[in-house]
Amino acid sequence: MQGFLLAHESPAEMSQKPEANGLRRGRGSFQQKTIRDRLPMGSPYSASQTLRYNDQMKILAIETSCDETAISIIEGSGDIYSPNFNVLGNALVSQIDVHKEFGGVYPNLARREHARNLIPMLIKALKDSGLYKEKNISSVEIDPMVKSRLEEMLIKEPELLKTFLKEIPKIEIPDIDLIAVTEGPGLAPALWVGLNFADGLREVWSKPTVPINHMEGHIWSSTTNGEGITFPSIALLVSGGHTELIYVKGFGDFKLIGKTRDDAIGEAYDKVARLLGLPYPGGPQISRLAETHRKSGKKLGFSFTEPMLNSDDFDFSYSGLKTAVLYKLKEFPHITDEIREEFARAFEEAAVGVLISKTRKAIDTFEAKSLIVGGGVIANGYLRSRLTELISEYGNLDLKLPDHELATDNAIMIGIAAWLKAMKNPELLNTEEKFLLRARGNLSF
Ligand code: KG4
Ligand code: ZN
């Protein structure tokens with residue numbers, strides 16, 4: 001997982017990561033915002049906090065839906081058809097090492113890790129962006145009313161509450177226009193930590209705070225500087241938690257047209273890797289072995305049926321394919337590296353083959369002008385080459401693929417989705433209404 005922060009890095013070891021997907025870093029060319037109504041710590045959230053911004057909007061985005069704790073501060077400008085995003089600060093810690101021994105993500109462990117990592121990530125992102133300022137007073141007292149509200153909000157996260165009460169009152173309210181936080185889909189215990197944390201920040205900073213659909217983030221993760229999306233579009237989302245086809249008619253206009261009925265494709269890669277005795281996450285391992293087999297020029301001795309290939313819909317199913325691998329493996333009492341390579345390739349070709357066929361069907365059915373792909377499985381070289389082949393079947397179909405840093409879970413994409421949402425609905429920026437921040441594990445569109 002070569003995101004902004006590598007799996008083995010601890011928050012303390014974080015370093016600046018390179019530019020992602022053409023997004024610019026740094027503050028140089030941008031003017032400061034003119035938000036005047038900074039309310040003192042503890043003031044109730046109020047509509048009188050009218051936000052003013054030129055054409056730039058700074059968003060603090062929080063992502064905790066699975067096993068990455070990520071906080072980014074992005075600045076969006078331009079119009080929604082030719083947006084410009086500037087990453088001011090980005091902090092991400094992956095929990096991969098923590099979950100490795102379980103062979104998958106363990107929700108309560110994810111929640112504990114998020115609770116530990118959120119404040120260091122916030123401080124890192126604020127410092128990166130130059131928005132971190134410590135208050136110029138030696139002891140900062142928090143309003144007792146605010147404190148009791150925070151105690152209520154973070155009742156289930158005692159460790160986070162403790163650090164929150166210690167660290168946050170020391171920080172000057174940063175110059176941001178909006179807080180965005182992932183509400184789902186994802187692991188509910190993991191989502192709750194991020195949402196409660198955002199609620200706490202809203203309480204002490206009095207900033208408008210919006211819940212964001214994680215999948216919307218993945219969809220817009222390939223929206224790079226100046227490059228809009230040609231609609232209608234089909235979005236294919238492939239990760240450890242999702243295998244979905246979405247019809248995207250326009251900004252904010254989505255229709256889920258197909259999804260996996262059981263395991264997600266990334267999950268299937270991980271499970272098959274486990275059957276082959278390979279470590280978690282198995283996707284990259286399977287991908288490497290399959291590629292070795294392909295390059296060797298050897299023929300496959302067996303193959304697997306592409307699941308649900310001929311079903312009359314856009315749905316997927318990967319658990320049967322995993323079981324087929326399990327049964328086939330029983331025919332091989334001694335597994336050698338060569339056999340592993342053959343299994344990896346046979347599995348990959350069935351898993352990716354059906355993905356391509358259903359995506360083609362969706363493009364044709366909805367007369368799409370572009371194909372957006374998102375999710376961690378995009379790292380797969382075979383999938384990428386099959387997608388390129390697919391695109392070449394059409395005269396003028398635009399393929400939008402995010403860079404690796406933006407394909408896997410991150411908070412930048414949550415910020416981008418929030419910016420698009422706020423551009424479409426400016427009232428989000430000075431609403432009197434407090435959005436309900438609630439984990440929605442099975443959220444769709
Ligand atoms: O989007 P992501 O980082 O996290 C979520 O699941 O939300 O995706 C992680 C998934 C894992 O299942 C991992 O095995 C898979 O993406 N993956 C791959 C490859 N790299 C990561 N699957 C196939 N081939 C790869 N090269
Ligand atoms: Zn994701």
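Atom set for the values below is all heavy atoms of this structure, side chains included, hydrogens, waters and symmetry mates excluded. Just so it is clear, the structure is predicted and the values come from calculations on it, not from any experiment. Remember, it's 1-based here, ligands and their atoms both numbered in the order they're listed.
Residues Phe254 and Trp220 place their aromatic rings such that the two centres sit under 6.0 Å apart. The aromatic ring centroids of Phe314 and Phe316 lie 6.0 Å or more from each other.
Proximity of Glu183 to Leu443: side-chain heavy atoms (C-beta onward) are separated by under 4.5 Å at one or more points. Between Phe445 and Glu216 the shortest side-chain heavy-atom distance falls below 4.5 Å. Leu276 is listed as a side-chain neighbour of Ile286, based on a closest heavy-atom distance under 4.5 Å.
In terms of polar-atom proximity, Gly375 is not counted as a contact of ligand 1, lacking any N or O under 3.5 Å from an N or O of the ligand.
Residues passing the ring pair (Phe, Tyr, Trp, His ring centres under 6.0 Å) test with His218 are His214, sequence neighbours excluded.
The list of ring-ring contact (aromatic ring centres under 6.0 Å, His included) pairs with a residue in residues 258-277, not counting sequence neighbours, reads Tyr269-Phe347. Applying the salt bridge (Lys or Arg N to Asp or Glu O under 4.0 Å) rule to pairs touching residues 299-319 yields Arg261-Asp313, Arg261-Asp315, Asp313-Lys358, sequence neighbours excluded.
Looking at Ala273, Ala407, Gly283, it is Gly283 that brings a heavy atom closest to atom 25 (C) of ligand 1. For atom 21 (C) of ligand 1, the choice among Gly282, Gly376, Ala268, Ser65 with the nearest heavy atom turns out to be Gly376. Of all the listed residues (Asn380, Val238, Thr408), Asn380 holds the heavy atom that lies closest to atom 24 (N) of ligand 1.
Around the Zn ion (ligand 2), the protein contributes the following N, O or S atoms under 2.8 Å, ordered by chain and number: His214 NE2, His218 NE2, Asp409 OD1.
The ligand atoms of ligand 1 that sit less than 4.0 angstrom from a heavy atom of Gly241 are 6 (O). Within ligand 1, the atoms closer than 4.0 Å to a non-hydrogen atom of Ser287 are 24 (N), 26 (N), numbered from 1 in the order shown. The atoms of ligand 1 that sit less than 4.0 Å from any heavy atom of Tyr269 are 23 (C). The atoms of ligand 1 that sit less than 4.0 Å from any heavy atom of Gly266 are 12 (O).
Considering Leu355, Asn380, Ile378, Leu371 in turn, Leu371 is the only one that fulfils the side chain to side chain contact (heavy atoms under 4.5 Å, CB included) rule with Leu387. Paired with Thr69 under the rule side-chain hydrogen bond (donor to acceptor under 3.5 Å, both in side chains), one option of Glu63, His114, Glu113 passes, and it is His114.
Here the CG atom belonging to Leu245 is positioned 12.0 Å from the NZ atom belonging to Lys259, to the nearest 0.5 angstrom.
Only the side chain of Asp270 comes within 4.0 Å of ligand 1, counting heavy atoms alone; its backbone N, CA, C and O stay farther away.
Contact between Cys66 and ligand 1 is absent, with no heavy atom of the residue lying under 4.0 Å from the ligand.
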